[in-house]
Number of protein chains: 2
Amino acid sequence: MLTLVALADGRAMRFNELRRRLEGVTQKMLTQTLRALEREGLLTRTVYPTVPPRVEYRLTALGEEIAELVLRIAEWSASRTEQLRAARANFDRRAPHPRPLSA
Amino acid sequence: MLTLVALADGRAMRFNELRRRLEGVTQKMLTQTLRALEREGLLTRTVYPTVPPRVEYRLTALGEEIAELVLRIAEWSASRTEQLRAARANFDRRAPHPRPLSA
DNA sequence: CAGAATCCTCACCGATACTG
DNA sequence: CAGTATCGGTGAGGATTCTG
């Protein structure tokens with residue numbers, strides 16, 4: 001999801017560059033996610049046989065299509081953070097059916 | 001995700017009705033998902049104190065906003081199933097770096 | 001730099017039984 | 001009907017180490 005957003009501007013990005021942009025993601029998960037997206041045909045992985053190695057990831061046409069849709073959701077949720085936060089606070093305050101963990 | 005899509009037409013739906021529409025979902029997961037969505041303020045849960053009980057779920061205005069965005073992604077992926085399938089097949093055939101589990 | 005390999009934990013989820 | 005409660009396994013993912 002956010003990996004797609006990080007690439008949504010159409011630029012090619014290197015592995016650690018992505019990793020920095022998606023702060024908090026582990027190397028394992030990023031690798032795994034990129035492989036999955038590559039497998040779906042949403043991005044291409046290009047290895048330049050230099051030393052040190054350089055690997056670039058770039059969205060395919062297919063990838064850009066869905067990245068745009070995902071981006072819209074990201075923007076929507078960013079624009080609604082306050083309402084969402086308020087809803088959560090309200091829900092937790094009124095603490096419905098399953099009794100909360102209030103001792 | 002799909003729970004939002006199932007409610008995207010704006011109708012109120014009952015628990016087992018949703019469960020049937022989302023075939024494969026367990027009762028536990030559906031309950032859990034509905035609670036989460038309710039907590040985010042994306043849907044309302046209305047209990048009619050009849051016997052047997054009747055509980056209706058309906059998207060809020062906020063929920064309809066995001067449901068529409070999610071619906072677009074669902075439609076997109078439905079429209080691209082063949083390309084996605086082909087990409088997967090191709091990827092698996094060429095089986096990149098991490099050696100596949102081919103014995 | 002861009003990973004692969006290994007180990008290990010715990011929380012996710014299914015299955016099952018019970019209830020107002 | 002619409003849940004809650006409990007148990008148990010399993011696999012996702014973190015941490016760490018190693019490499020071309």
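Because the structure is predicted, anything quoted here is derived from the model rather than measured. A, B, ... follow the sequence lines: proteins, then strands. Residue 1 opens every chain.
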**Q** Let me know the distance between CD of A/Glu17 and C1' of C/dG3, rounded to the nearest Å.
**A** 17 Å
**Q** Can you tell me the distance, in whole Å, between the CG atom of B/Leu30 and the P atom of C/dG14?
**A**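 One finds 11 Å between P of C/dG14 and CG of B/Leu30, rounded.
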**Q** Taking the side chain from B/Glu17 and the backbone from B/Arg14, do they hold a donor-acceptor pair closer than 3.5 Å?
**A** yes
**Q** Report the distance from atom CG of B/Leu34 to atom P of D/dA2, rounded to the nearest whole Å.
**A** 11 Å
**Q** Measure from the side-chain heavy atoms of A/Val55 and tell me the nearest of D/dT4, C/dA2, D/dG13.
**A**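 My answer, after comparing the listed nucleotides, is C/dA2.
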**Q** In terms of side-chain geometry, is the basic nitrogen of B/Arg85 or B/Glu82 positioned less than 4.0 Å from the acidic oxygen of its partner?
**A** yes
**Q** Between D/dA2 atom C1' and B/Glu56 atom CD, what is the distance in whole Å?
**A** 13 Å
**Q** Give the minimum heavy-atom separation between B/Ile73 and A/Val70, together with the two atoms involved.
**A** CD1-CG2, 3.9 Å
**Q** Round to a whole Å and report the spacing from CD of B/Glu23 to C1' of C/dG14.
**A**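 These atoms are roughly 18 Å apart.
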**Q** Which heavy atom of B/Leu7 sits nearest to which heavy atom of B/Tyr57, and what is that distance?
**A**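 Between these two residues, the closest heavy atoms are CD2-O, 3.6 Å.
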**Q** Within this structure, what is the CZ-to-C1' distance between B/Arg45 and D/dC1, rounded to whole angstrom?
**A** 12 Å
**Q** Closest approach to the side chain of B/Lys28, judged atom by atom: which nucleotide of C/dA15, C/dA4, D/dG3 is it?
**A** C/dA15
**Q** Let's see if you can work this out: which of C/dC13, D/dG3, C/dG3 has an atom nearest to the side-chain heavy atoms of B/Gln32?
**A** C/dC13
**Q** Below 3.5 Å, does any donor atom in the side chain of A/Gln27 face an acceptor in the base of C/dA4, or the other way round?
**A**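 Yes.
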**Q** How close or far is atom C1' of D/dG3 from atom OH of B/Tyr48, stated in whole angstroms?
**A** 18 Å
**Q** Nearest nucleotide by nearest heavy atom, which residue falls closer to the 5' end of DNA chain D, B/Pro53 or A/Pro53?
**A** B/Pro53
**Q** If only side-chain N and O atoms of A/Arg14 are considered, is one of them under 4.0 Å from the OP1 or OP2 phosphate oxygen of C/dA2?
**A**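 Yes, because at least one side-chain N or O of A/Arg14 sits under 4.0 Å from OP1 or OP2 of C/dA2.
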**Q** Is A/Arg35 near enough to C/dA4 that one of its side-chain N or O atoms lies under 4.0 angstrom from OP1 or OP2?
**A**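 Yes, A/Arg35 has a side-chain N/O under 4.0 Å of OP1/OP2 on C/dA4.
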**Q** Name the closest nucleotide to the A/Tyr57 side chain, picking from C/dG3, D/dA2, D/dG13.
**A** C/dG3
**Q** Which heavy-atom pair separates A/Val5 from A/Ala74 by the least distance, and what is that distance?
**A**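 The answer is CG2-CB, 4.3 Å.
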**Q** Output the single nucleotide from C/dG3, D/dG13, C/dC13 whose closest atom is nearest the side chain of A/Met29.
**A** D/dG13
**Q** Measuring to OP1 and OP2 of D/dC1, would you say a side-chain N or O of B/Arg19 lies under 4.0 angstrom away?
**A** no
**Q** Considering only D/dG13, D/dG3, C/dG14, which nucleotide approaches the side chain of B/Thr26 most closely?
**A**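 Selected nucleotide (nearest to the side chain): C/dG14.
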